[in-house]
Enquirer: 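Once you've had a glance at the structure underneath, I'll fire off some questions.
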Amino acid sequence: MTARLGWPTMILLGAVGGVIAVGAVLYTSAQSRTNQVSLADSAKPVSTIAAIAAPFQSSRRYVGTIEPWVEAKIGPQLVSAYVDTVLVRPGAQVKRGEVIATLDCRNASAVNQQVAAQARAEDAMSTAAAKEAARLSQLLQGNYVSENEVDMKQADAASKQAQVAALKAQMANAALQVNDCVLRAPFDGEVGERDVDPGAFVRPGNAIATLIDRHVVYVAIDVPEDDFEVVAPGRPVKLHVLSTKTDLAAKISRRAPSADAQTRTAHVEIDVDNSTTPVPVWTTAEVSLDVGEPVPGSAIPLSAASVHGTKATVFVADNGVARSEVVKVIGEHGGTLYLDPKALPPGTKIVSEGRTVLSDKDPIAAHDEAWRLDGAVGSGSAAR
């Protein structure tokens, strides 16, 4: 018997066939777009630069403090009293002997007057005792008085003279205390600080104002012990004053003959004439100086290498393959790294961007980039 299919069945079979055909087309399209090459075997896009031949000169850089050659803390030395007046403010120009401040020393003045009165009284008593002893000495020749009485009068006169001398010493000390109540400038200079105001109580050793002389200043630095020979007196240095953004040329003036026992650093001072271009004291100065002679090197950006001590790891682009190489570091300056030109000749292509995802002998798709070296001779920290 021949089975006959109705039109609903035919429609259903056609729909199923259409779905199968569409699925086959989609599967074929997806398979054609699938990358059959693994990511590890595909070339990685990177940027490369060429190493530049550039000499490098080792240098040292230290941070120092600009200090005044002469500085004085103005305050009482002998008396404790309340501050009566302070006549200066920071920045004021003062001359030698000019009054800086005064103290309320009424007590010291009264003591001085009391001691002076006692000294005058004792001086009068001493004069009278000396005359009486002289008269008794004349009566001794006629045996009108005994020698014992004369000796006692002479001893009394000498005792009173000693008391007068002691009172004069006290009077001199009291006068010093009275003079200590008027504080004067010991030299021509500028007021750097005003530490107290009128009404404050000060004691010997307390500073009321700070006076500085900026005609000559010096830069104080402390250098490591292995740089002792580098900072020999007379060596020229370059100074960069951070506060005024100025550059100065100077020479090392003094070097301590020994290092600090705790820090193992040597103290160095550099005198600077501050009369023409004044700089503020107690500010920061950068000190730099060149060491030795320039040596040949291959310069690359610092970001193109991984530095570990005196060695640097770089990726060299070699015929579409990145080769990892370890090269000796000569030094660095700013953002530039100087490598041994024998191990890395100038002109060698170095991977600059994309190196962090590379491994040794990875295939690369290199894109050359140009970079410029600032300065003909690099001067920076040498690898030590």
Side-chain angles (χ1 to χ4, degrees), residues 62-113 115 169-222 239 241-244 253-254 256 260-263 265 267-285 287:
Y62 311 104
V63 177
T65 303
I66 302 175
E67 302 182 16
W69 185 258
V70 180
E71 180 185 26
K73 300 286 187 180
I74 309 299
Q77 300 177 357
L78 303 173
V79 299
S80 298
Y82 286 97
V83 178
D84 191 12
T85 60
V86 181
L87 306 178
V88 294
R89 305 251 357 142
Q93 301 277 348
V94 296
K95 297 294 184 180
R96 177 186 176 91
E98 185 175 339
V99 177
I100 301 295
T102 59
L103 305 180
D104 184 4
C105 291
R106 288 174 290 181
N107 182 53
S109 179
V111 171
N112 185 34
Q113 295 176 3
V115 173
Q170 292 182 13
M171 186 170 60
N173 181 55
L176 288 176
Q177 292 184 6
V178 172
N179 293 334
D180 197 34
C181 296
V182 180
L183 305 175
R184 302 179 181 273
F187 52 82
D188 296 347
E190 302 169 89
V191 177
E193 295 179 0
R194 171 171 164 158
D195 299 297
V196 298
D197 293 324
F201 188 81
V202 293
R203 297 178 175 84
N206 294 145
I208 295 178
T210 301
L211 186 64
I212 59 175
D213 183 2
R214 290 196 300 161
H215 288 92
V216 177
V217 298
Y218 67 93
V219 180
I221 58 176
D222 295 309
L239 303 177
V241 182
L242 268 65
S243 59
T244 58
S253 305
R254 289 166 296 280
D260 185 87
Q262 282 72 37
T263 61
T265 55
H267 186 73
V268 179
E269 294 181 352
I270 305 167
D271 291 341
V272 179
D273 185 2
N274 201 33
S275 58
T276 55
T277 56
V279 298
V281 297
W282 301 115
T283 55
T284 304
V287 182

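Starting from 1, each residue takes its place in the sequence as its number.
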Enquirer: List in chain and number order the residues that pass side-chain contact (heavy atoms from CB on, under 4.5 Å) with F187, two or more places apart in sequence or in another chain; answer none if no residue qualifies.
Expert: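 Only V70, A72, L211, D213 meet the side-chain contact (heavy atoms from CB on, under 4.5 Å) criterion with F187.
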Enquirer: Can you run down the salt bridge (Lys or Arg N to Asp or Glu O under 4.0 Å) pairs that involve residues 192-202, sequence neighbours left out, and say none if there aren't any?
Expert: R194-D197
Enquirer: For a side chain to side chain contact (heavy atoms under 4.5 Å, CB included) check, start with the C-alpha distance between I100 and V86, then their side-chain angles and the critical distance, and finish with the verdict.
Expert: CA-CA 6 Å; I100 301 295; V86 181; 5.6 Å; no
Enquirer: Show the numbers, then the answer: is there a side chain to side chain contact (heavy atoms under 4.5 Å, CB included) between L103 and Y82?
Expert: CA-CA 6 Å; L103 305 180; Y82 286 97; over 6 Å; no
Enquirer: Taking only residues two or more places apart in sequence or in another chain, which ones pass side chain to side chain donor-acceptor pair (under 3.5 Å) with T85?
Expert: T102
Enquirer: For the OH atom of Y218 and the CZ atom of R254, what is their distance to the nearest 0.5 Å?
Expert: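 Rounded to the nearest 0.5 Å, the OH-CZ separation comes out at 8.0 Å.
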Enquirer: Sequence neighbours excluded and cut-off under 3.5 Å, please list the side-chain donor-acceptor pairs for residues 87-99, or say none.
Expert:
from : atom 1 : to   : atom 2 : distance (Å)
Q93  : NE2    : E190 : OE1    : 3.3
R96  : NH1    : P186 : O      : 2.6
E98  : OE1    : K95  : N      : 3.0

Enquirer: Could you work out, with side-chain contact (heavy atoms from CB on, under 4.5 Å) as the rule, every residue matching D273, not counting sequence neighbours?
Expert: S275
Enquirer: Quick check: do V281 and R214 have side-chain heavy atoms less than 4.5 Å from each other?
Expert: yes
Enquirer: Please enumerate all residues that pass side-chain contact (heavy atoms from CB on, under 4.5 Å) together with T244, with sequence neighbours excluded.
Expert: V241, T246, V279, P280
Enquirer: Could you list the residues that satisfy salt bridge (Lys or Arg N to Asp or Glu O under 4.0 Å) with R184, not counting sequence neighbours?
Expert: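 None.
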Enquirer: Determine whether V287 and V63 make a side-chain contact, defined as any pair of heavy atoms from C-beta on separated by less than 4.5 Å.
Expert: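 No. Closest side-chain heavy atoms not under 4.5 Å.
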Enquirer: If I take atom CD from residue E67 and atom OG1 from residue T283, how far apart are they, to the nearest 0.5 angstrom?
Expert: 10.0 Å
Enquirer: Run the side chain to side chain donor-acceptor pair (under 3.5 Å) test against N274 and tell me which residues pass, sequence neighbours left out.
Expert: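 Partners of N274 by the side chain to side chain donor-acceptor pair (under 3.5 Å) criterion come out as none, since no residue qualifies.
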Enquirer: Kindly say whether D271 contributes a backbone atom to a donor-acceptor pair with the side chain of S253 at under 3.5 angstrom?
Expert: yes
Enquirer: Using the side chain to side chain donor-acceptor pair (under 3.5 Å) criterion, which residues pair with N206? Sequence neighbours excluded.
Expert: none
Enquirer: Kindly give the heavy-atom pair with the smallest separation between L239 and V272, and that separation in Å.
Expert: CD1-CG2, 3.6 Å
Enquirer: Find the distance between OG1 (T65) and CH2 (W282) and round it off to the nearest 0.5 Å.
Expert: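 If we round to the nearest 0.5 Å, T65:OG1 and W282:CH2 are 7.5 Å apart.
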Enquirer: What residues, two or more places apart in sequence or in another chain, satisfy side chain to side chain donor-acceptor pair (under 3.5 Å) together with T265?
Expert: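 With sequence neighbours excluded, T265 shows a side chain to side chain donor-acceptor pair (under 3.5 Å) to T263, given in chain and number order.
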Enquirer: Excluding sequence neighbours, so at least two apart, what forms salt bridge (Lys or Arg N to Asp or Glu O under 4.0 Å) with D84?
Expert: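 Checked D84 against salt bridge (Lys or Arg N to Asp or Glu O under 4.0 Å); zero matches.
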Enquirer: What residues form a side-chain contact (heavy atoms from CB on, under 4.5 Å) with P204, not counting sequence neighbours?
Expert: S80
Enquirer: If every non-hydrogen atom of C181 is compared with every non-hydrogen atom of V79, which pair is closest and at what distance?
Expert: SG-CG2, 4.3 Å
